[in-house]
Amino acid sequence: ETGVTQSPTHLIKTRGQQVTLRCSSQSGHNTVSWYQQALGQGPQFIFQYYREEENGRGNFPPRFSGLQFPNYSSELNVNALELDDSALYLCASSLFGGGEETQYFGPGTRLLVL
Amino acid sequence: GQQLNQSPQSMFIQEGEDVSMNCTSSSIFNTWLWYKQDPGEGPVLLIALYKAGELTSNGRLTAQFGITRKDSFLNISASIPSDVGIYFCAGRRQGGSEKLVFGKGTKLTVNP
């Protein structure tokens with residue numbers, strides 16, 4: 001196990017609703033990255049948080065937002081949910097500035113938008 | 001979004017056979033990673049490569065960082081049933097944030 005935890009494990013929402021997903025990083029890690037993995041695809045980078053600020057963003061609209069807390073845990077918020085937002089959402093923690101910065105993934109939250 | 005070119009998409013092999021899969025890109029990466037993902041789980045890191053030309057082993061797994069920095073391969077020797085899963089390559093570019101760019105995965109099936 002990586003020590004990265006995510007909650008909830010599964011979630012069902014309807015179009016237009018809002019959702020908050022949570023991630024606890026591995027002990028000693030200071031950076032959290034979020035990825036979206038559609039069925040049959042590799043993970044796609046959403047954004048990364050370091051020192052409680054966004055530190056890089058992929059090609060996702062502003063309705064995808066996040067937070068990082070002083071204990072390095074993080075939230076991913078998605079507003080105005082669309083059917084295409086149905087996916088596995090993965091968070092990965094790493095130690096930024098530690099040299100060989102390898103990302104370790106949590107088990108993911110599977111979101112279904114109806 | 002951008003993804004690496006990973007091949008093959010799927011493989012069906014007999015237990016005991018060796019497996020090879022690779023990943024290519026039109027861009028240079030300074031880190032290559034190989035992950036395995038089981039159904040309902042997040043990707044688990046298998047091997048990390050940080051230098052061009054580097055060849056690294058982890059048990060029956062061997063991976064290499066291509067000299068051009070635009071490709072990597074993963075070999076699995078003497079496959080066993082628990083090797084079943086989806087294998088992803090991921091690359092990280094020089095500079096910028098730490099975002100990883102992933103391939104679409106290679107689905108491996110091992111017949112006992």
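Each chain gets a letter, A, B and so on, in the order its sequence line appears, and its residues count up from 1.
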Q) In terms of heavy-atom pairs under 4.5 Å with chain B, which of A:R110, A:Q37, A:H10 leads? A)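 Counting heavy-atom pairs under 4.5 Å, the top option is A:Q37.
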
Q) Is a salt bridge present between A:R63 and A:D85, judged by a nitrogen-to-oxygen distance below 4.0 Å? A)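 Counted as a salt bridge, because a side-chain N and a carboxylate O are separated by less than 4.0 Å.
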
**Q.** A:F47: hydrophobic cluster co-members (side-chain, 4.5 Å)
**A.**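 In the cluster with A:F47 are A:L11, A:V19, A:L21, A:V32, A:W34, A:I46, A:Y49, A:F60, A:F64, A:L76, A:V78, A:L81, A:L83, A:Y89, A:L111, A:V113.
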
Q.
Once you measure the plane-to-plane angle for A:Y35 and A:F105, does it fall in the parallel (<30°), tilted (30-60°) or perpendicular (>60°) bin?
A.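 A:Y35 vs A:F105 ring planes: tilted.
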
Q) Can you pull the disulfide bond (SG atoms under 2.5 Å apart) pairs that have at least one residue in residues 25-57 of chain B, sequence neighbours excluded? A)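 Checked against disulfide bond (SG atoms under 2.5 Å apart) - neighbours excluded - no pair reaches residues 25-57 of chain B.
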
Q | Residue pairs, two or more places apart or on separate chains, that pass disulfide bond (SG atoms under 2.5 Å apart) and touch residues 9-46 of chain B | A |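 Checked against disulfide bond (SG atoms under 2.5 Å apart) - neighbours excluded - the pairs reaching residues 9-46 of chain B are B:C23-B:C89.
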
Q | Region of A:Q6 in contact with chain B, defined by heavy-atom distances below 4.5 Å | A |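 Looking at A:Q6, nothing touches chain B.
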
Q. Between A:F69 and A:S74, is any pair of side-chain heavy atoms under 4.5 Å apart?
A.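 A side-chain contact is absent here, since even the closest heavy-atom pair is not under 4.5 Å.
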
Q.
Using a 4.5 Å heavy-atom cutoff, which residues in residues 35-44 of chain B come close to chain A?
A.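 The list, in residue order, reads B:Y35, B:Q37, B:G40, B:E41, B:G42, B:P43.
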
Q. Is the number of heavy atoms from other residues, nucleotides or ligands under 6.0 Å of B:R60 CZ greater than 12?
A.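 Enclosed.
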
